[in-house]
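These numbers were taken from a predicted model, which means no experiment stands behind them. The figures here come from the full heavy-atom set of this structure, side chains too, leaving out hydrogens, waters and symmetry mates.
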Amino acid sequence: MHLLRWKLTAAACAAVLLISSAPAQGQGGDKVDLATLTQLKHEAFQHSQVMENLYYMSEVYGPRVNNSRNHRAAAEWAMQQMKAWGLQNVHLEKWGPFGYGWQIKKYYGALETPAYASLIGFPLAWTPGTNGPVTADAVLAPLHSEEGFAKYRGKLKGKIVLIFDPRELAMHTEAEAHRLTDAEIEERTKTPDPSRTGFGGARPGVAAPRPGEFTPATLSTAAPTGRILRNKVNAFLKEEGVLVALTPGYNGDGGTIFASYGGSQDPKDPVGPPMAAITPEQYNRICRLLQHGNTPKLTFDIETEYQKDDLMGFNVIGEIPGTTKADEVVMVGGHFDSWQGGTGATDNGTGSSVAMEAVRILAASHKPMARTVRVALWGGEEEGLYGSLAYVQQHFAPRDTMKKTPEYDKLDVYFNDDSGSGKFRGVSALGNAELASIFNSWIAPVKDLGIESVVGLTAGPTTEPGGTDSTSFSWIGLDGIGFMQDGLEYGSRTHHSNMDLYDRVQKGDVMQGALLEAWFAYNAATRQEMLPRIDTPEPLKK
């Protein structure tokens, strides 16, 4: 996305201060209710519960792998909170079937010989346990593609197998955390190449694998190609009698491990051996021992739990009913599920706690809003936006036919938060200049909080859903809006890693995000007209 920097002159700034507190629309933007903004700020900053929300999501119920017992318990807690704040129509909305839930019950790993070392790591999702401690020789058997299986056939039975090459590590010479500078925000206001404005992009710092290549990145991807390769590898390793399979993760070092998938939630897919990711330094040590003719012994004791009694996924929904236009809906949300390495604090406990805090702020303000404000905590985002895709296609329009339901024209906007702990610095306009002008008028009185501009003034349509749940909305022509945030440590340390923990969250940043999300939702819910959209996409060609 790109940013549009909005520079107010001194006269314009003074004019903002004189705006009436009664909300009304003006040319090229909105007049805003500054009295309500002051009230929302007081509630957000003097009575904040955003970190308390995060405490329960992360410390009590994390991690929240989709459909796991932790995920379900967290959803029950969230609904209780929403009801306590006075929200209405609070419920779980099922979708699916998704498949098995899964969570870690126990992990222990150790290098036994030639010298003992505890192995930092965690089991990969949807892989089984070891059924008690197992000790065995390590074997290095890098599986680059399906064609390489023959090389190791008959050689892996009863072994603990390192299934990837050692990772080459570089010294860190720059800070892992980063806030956007004014110059960087200014740069993102520009559209240097209008031919490259659609959705896309690989994981930061991770090279895209070649087709058919099996790497730590393909092991952890939600893409169909990743599932196909995982199934083939799991079937091979199980057939060969491997005790445990190990990976160094697709990114990270110094105790940080990035990893997610190992198996599949689908009951029909093959179940491989127990699998774990360990730190690349320790993984590389075992590789070097093997390359020097030593045969180290490793011990693992892994216990995991599959939740098989309910294969349906779910989203958590709650509402603040509108007054005069209650059938029109403004939505806020984020995904509630997480991966298993940490506790799902920054991905996406922060987005979920911000959305919950935004509706709490609005409910506590007791300000009437014409439109209904609905919060949605999505399930199944990590595996492919399942929850939000199911929701928008059931409530608004199936993408393949674009046969719109009556609700389609009543959905005003959806605001999404899913980029880690960082402060909101910009907001997307989806290539809609009219929407950008409106958002700029909402930003003007809150720039002191660090939000600068509108991103994506020239942006192509969402050609396929991906990345995060707002694209499920924009994919069918609705205003699915994301906020641009300071990256902090998201890409370098916490995203899908064992460091996705409560202590990596910046309290002031999520307090800022909750206030801004409440402010944007309030403005959308009280303005005279619904927000403008770009034309509805054509049905998909079959």
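Across all their heavy atoms, Thr372 and Ala326 have their closest contact at OG1-O, 2.7 Å. Looking at every heavy atom in both residues, Lys423 comes nearest to Leu449 through CD-O, 3.3 Å. Taking all atoms of both residues into account, the shortest heavy-atom contact from Asp448 to Lys41 is OD1-NZ, 4.1 Å. Minimum interatomic distance between Gln506 and Leu488 (heavy atoms only, all atoms of both residues): CG-CD1, 3.7 Å. The two residues Gln265 and Tyr261 have their closest heavy-atom pair at OE1-CE2, 4.1 Å.
Put simply, the side chain of Ser492 gets close to the backbone of Glu176: a donor and an acceptor are under 3.5 Å apart. The main-chain N or O of Ser220 is found under 3.5 Å from a side-chain atom of Ser260 such that the two form a donor-acceptor pair. Under the 3.5 Å distance criterion, the side-chain polar atoms of Thr471 are left unmatched by any main-chain donor or acceptor of Gly467. Side chain of Thr405 to main chain of His395: a donor-acceptor pair is present (N/O by atom type, distance under 3.5 Å, no hydrogens or angles). Listed for the Asn315 side chain is a donor-acceptor partner under 3.5 Å among the backbone atoms of Gly379. Remark: side-chain polar atoms of Gln512 are paired, donor with acceptor, to backbone N or O of Phe424 under 3.5 angstrom. Distance alone, capped at 3.5 Å, is enough to place a donor-acceptor pair between the Gln393 side chain and the Arg399 backbone. Without hydrogens or angle criteria, Arg493 side chain to Thr256 main chain gives no donor-acceptor distance under 3.5 Å. For the pair Asn66 (side chain) and Gly380 (backbone), a donor-acceptor distance under 3.5 Å is present. In terms of modelled atom types and a separation under 3.5 Å, the side chain of Asp418 and the main chain of Gly334 share no donor-acceptor contact.
With hydrogens and angles left out, the side-chain atoms of Asn416 and Thr468 include a donor and acceptor closer than 3.5 Å. In this model, no donor atom of one side chain and acceptor atom of the other lie less than 3.5 Å apart for Asp509 and Ser421. A donor-acceptor pair shorter than 3.5 Å can be found between the side chains of His172 and Asp253.
The pair Arg533-Asp479 fails the salt-bridge criterion, with no side-chain N (NZ, NE, NH1 or NH2) lying under 4.0 Å from an Asp/Glu carboxylate O. Checked for salt-bridge contact, Asp327 and Lys410 meet the test: a charged N lies under 4.0 Å from a carboxylate O. A salt bridge is absent between Asp412 and Arg374: the closest approach of a Lys/Arg side-chain nitrogen to an acidic carboxylate oxygen does not fall below 4.0 angstrom.
Ring geometry for Tyr502 versus Tyr55: interplanar angle over 60°, hence perpendicular rather than tilted (30 to 60°). Ring pair Trp339/Trp126 is perpendicular by interplanar angle, where above 60° counts as perpendicular and below 30° as parallel.
Residue Glu434 qualifies as open at atom CD: its count of foreign heavy atoms under 6.0 Å is 12 or below.
Counting only heavy atoms from C-beta outward, the side chains of Tyr408 and Thr536 approach each other to under 4.5 Å. Side-chain atoms of Asp347 and Thr494, non-hydrogen and from C-beta on, never get closer than 4.5 Å to each other.
Between Phe336 atom CZ and Ser353 atom OG the span is 9.5 Å, to the nearest 0.5 Å. Distance check: Met331 CE to Ile317 CD1 gives 5.5 Å after rounding to the nearest 0.5 Å. Interatomic distance, Glu43 CD to Ile361 CD1, rounded to the nearest 0.5 Å: 7.0 Å.
Taking the centre of each ring, His496 and Phe258 stay at or above the 6.0 Å mark.
For His178, there are no ring pair (Phe, Tyr, Trp, His ring centres under 6.0 Å) partners at least two apart in sequence or on another chain. Residues satisfying the ring pair (Phe, Tyr, Trp, His ring centres under 6.0 Å) test with Phe520, not counting sequence neighbours, are Phe415, Phe439, Trp442, Phe483.
Residues in residues 63-92 take part in these salt bridge (charged side-chain N to carboxylate O under 4.0 Å, His left out) pairs, two or more places apart or across chains: Arg69-Glu305, Arg69-Asp309, Arg72-Asp310.
Checking each of Trp475, Tyr391, Phe473, Phe396 against Tyr414 for a ring-ring contact (aromatic ring centres under 6.0 Å, His included) leaves exactly one that passes, namely Phe473. His71 pairs with exactly one of Phe314, Trp378, Tyr100, Trp77 by the ring-ring contact (aromatic ring centres under 6.0 Å, His included) rule, that one being Phe314.
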